[in-house]
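Everything below concerns the one structure shown next.
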Amino acid sequence: FADEAVRALSGATDQAAVESARVAYLGAKAGRLKDLQKGMGAVDKGDKPAAGKKLNEVKAAVEAALDAAQTRLASSSTGPRDDGFDVTLPGVPLRLGRLHPITQTIERMKEIMGRLGFSAVEGPEIEDDWHNFEALNIPLSHPARDPLDNFYLQQQEGREARGEGREARDEGRASASSSPSPLAPNPSLLLRSQTSTVQIRVMENTPPPVRIISLGRVYRPDTADATHYPMFHQIEGLLIDRGVTMADLKSTLRMFCQSFFGAGSRETGEDLHIRFRPSFFPFTEPSVEVDMNWQDGWMEMGGAGMVDPNVLKAVGYDPEEVTGFAFGLGVERICMRQHNIRDIRDLYTNDVRFLGQF
Ligand code: FA5
């Protein structure tokens with residue numbers, strides 16, 4: 001009995017096993033030792049002292065084994081171990097990384113527009129004059145080309161600028177995603193100021209119908225304030241087909257906003273409205289500024305309109321055959337509204353305590 005109990009206790013690998021061995025051998029009610037003590041009554045009077053002594057020895061041996069097992073388990077789960085590793089010290093919390101709020105917004109926009117049948121395409125951030133201005137019906141004299149409103153890239157000297165410029169433009173026509181080399185000596189290379197450039201790149205390479213979105217960085221020498229940053233993101237949408245109207249534009253934007261902000265759903269009980277204000281963009285006619293209602297007011301989302309026939313002609317489409325709408329919305333503004341971020345600069349100071357909230 002003593003050997004069996006000692007073996008059970010010294011082999012126990014956790015507290016539960018020690019406790020069940022304790023109950024089985026030393027338990028006050030039905031333990032095996034208790035049974036032996038009860039059996040003492042039947043022992044002959046003359047044998048009793050020897051039997052009592054033996055019983056005490058067994059009890060002491062089992063109790064010692066119990067102590068040893070408890071000490072062994074306690075020292076292995078708390079306090080420093082032989083190898084100096086103290087398992088009682090507090091751990092170092094793991095910091096999980098997460099996507100930047102703008103990246104999250106972009107992913108969500110792609111997902112929603114994808115469900116509406118728009119596929120995402122990319123365009124280069126270094127653009128030429130043709131895609132950023134000329135094909136978008138922005139003539140040479142237009143103020144949008146002002147060097148103070150654009151990040152033009154420095155030109156190489158001693159090369160014939162005009163001819164090289166046309167070459168860079170032809171390269172651009174060849175592929176919607178290939179970017180002219182930043183070293184190309186085109187005096188009109190610039191960091192794109194809008195994602196509308198991608199409209200041209202796609203239409204040059206795709207016969208209608210077209211249904212795309214393009215999301216990416218754009219650059220303007222705007223002074224940074226609460227709602228402006230010199231680098232920001234736009235989502236551009238373009239749909240070209242037979243018989244496309246302003247009604248299609250409005251319902252597409254409405255569905256997009258409804259999905260994005262979750263407004264108009266039964267849960268929020270909020271109704272969602274899109275408002276068009278007359279505006280002007282050289283590449284759309286008519287042109288509008290797009291607002292959506294939000295918390296008792298209107299929030300400006302971006303610009304939109306019906307693609308100007310001159311743009312359709314510039315990319316080789318027949319305006320008599322197809323029409324289309326385009327829109328360009330500020331991604332930061334939408335992200336800020338979604339999360340109640342008051343200052344756009346917070347998105348780009350890279351303070352992980354701020355960014356970690358989203
Ligand atoms: C355009 O850029 C047009 N390309 C939009 C367009 C596309 C019109 C297709 C028609 C058809 P605009 O310059 O208004 O438009 O800029 C659109 C949005 O970008 C603005 O409404 C605003 O939300 C955002 N935006 C403009 N400048 C900044 C800036 N400096 N920082 C952050 N967001 C900006």
Side-chain angles (χ1 to χ4, degrees), residues 101-102 105-106 109 113 118 123 125 127 131-133 135-138 142-146 148-151 190-203 210 212-240 244 246 248-250 252-253 256-257 260 274-292 294 298-312 315 323-338 341-348:
I102 289 296
T105 304
I106 286 175
M109 288 174 163
M113 291 307 291
F118 288 75
E125 288 177 28
E127 265 299 0
H131 291 96
N132 203 83
F133 299 124
L136 285 166
N137 206 25
I138 303 174
H142 198 279
R145 290 174 179 253
D146 193 324
L148 294 175
D149 291 333
N150 294 283
F151 286 112
L190 74 164
L191 298 180
R192 67 178 175 190
S193 59
Q194 50 187 350
T195 43
S196 299
T197 54
V198 187
Q199 289 183 33
I200 304 301
R201 289 186 173 276
V202 169
M203 289 191 284
V210 168
I212 57 104
I213 48 162
S214 188
L215 286 125
R217 281 183 278 261
V218 299
Y219 303 85
R220 293 179 192 178
D222 290 346
T223 306
D225 63 22
T227 52
H228 292 85
Y229 210 69
M231 184 285 302
F232 60 101
H233 295 73
Q234 288 186 335
I235 171 174
E236 189 83 10
L238 174 71
L239 188 144
I240 307 276
V244 179
M246 289 286 271
D248 299 314
L249 169 61
K250 200 165 182 177
T252 302
L253 287 172
F256 169 73
C257 292
F260 189 91
I274 295 291
R275 182 175 78 171
F276 282 174
R277 273 180 294 121
S279 185
F280 175 78
F281 295 100
F283 37 93
T284 45
E285 180 60 35
S287 301
V288 291
E289 298 277 353
V290 187
D291 300 338
M292 69 172 279
W294 190 257
W298 291 96
M299 160 206 169
E300 184 191 308
M301 297 175 60
M306 299 304 291
V307 179
D308 193 299
N310 285 341
V311 174
L312 296 176
V315 297
T323 52
F325 68 68
F327 60 84
L329 317 175
V331 173
E332 277 77 1
R333 304 268 174 93
I334 294 175
C335 174
M336 288 165 75
R337 272 293 168 156
Q338 186 193 6
I341 296 170
R342 285 165 200 279
D343 197 318
I344 193 172
R345 290 166 290 197
D346 287 338
L347 289 168
Y348 296 116

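First listed ligand is number 1; within each ligand, the first listed atom is number 1. Quick note: residue numbers are just sequence positions, from 1. Only heavy atoms go into these numbers, but all of them, side chains included; no hydrogens, no water, no symmetry mates.
- The nearest heavy-atom contact from the protein to atom 4 (N) of ligand 1 is Gln194 OE1, 2.7 Å.
- The shortest N or O to N or O distance between Glu236 and ligand 1 is not under 3.5 Å.
- Taking every non-hydrogen atom of Thr284 and a distance limit under 4.0 Å, the qualifying atoms of ligand 1 come out as 10 (C), 11 (C).
- Heavy-atom contacts of Met301 reach the following atoms of ligand 1: 21 (O), 23 (O) (cutoff under 4.0 Å).
- Here the shortest heavy-atom distance to atom 1 (C) of ligand 1, taken over Glu289, Arg220, Arg192, His228, belongs to Arg220.
- Interface atoms of ligand 1 facing Ile344, defined by a heavy-atom separation under 4.0 Å, are 32 (C).
- Relative to atom 14 (O) of ligand 1, the option among Phe281, Tyr219, Phe280 with the closest non-hydrogen atom is Phe281.
- Put simply, the side chain of Arg145 gets close to the backbone of Ile138: a donor and an acceptor are under 3.5 Å apart.
- Shown in contact with Gln199 at under 4.0 Å from a heavy atom are these atoms of ligand 1, numbered in order with element: 9 (C).
- Judged by distance alone, the side chain of Glu236 and the main-chain N or O of Ser214 form no donor-acceptor pair under 3.5 Å.
- Within ligand 1, the atoms closer than 4.0 Å to a non-hydrogen atom of Ser196 are 4 (N), 7 (C), 9 (C), numbered from 1 in the order shown.
- A donor-acceptor pair under 3.5 Å links the side-chain atoms of Asn137 to the main chain of Pro282, judged by distance alone.
- Under the 4.0 Å criterion applied to side-chain N and carboxylate O atoms, Arg220 and Asp222 are not assigned as salt-bridge partners.
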So Ser193 and Asn132, side-chain hydrogen bond (donor to acceptor under 3.5 Å, both in side chains) or not? Walk me through it. CA-CA 7 Å; Ser193 59; Asn132 203 83; 3.1 Å; yes
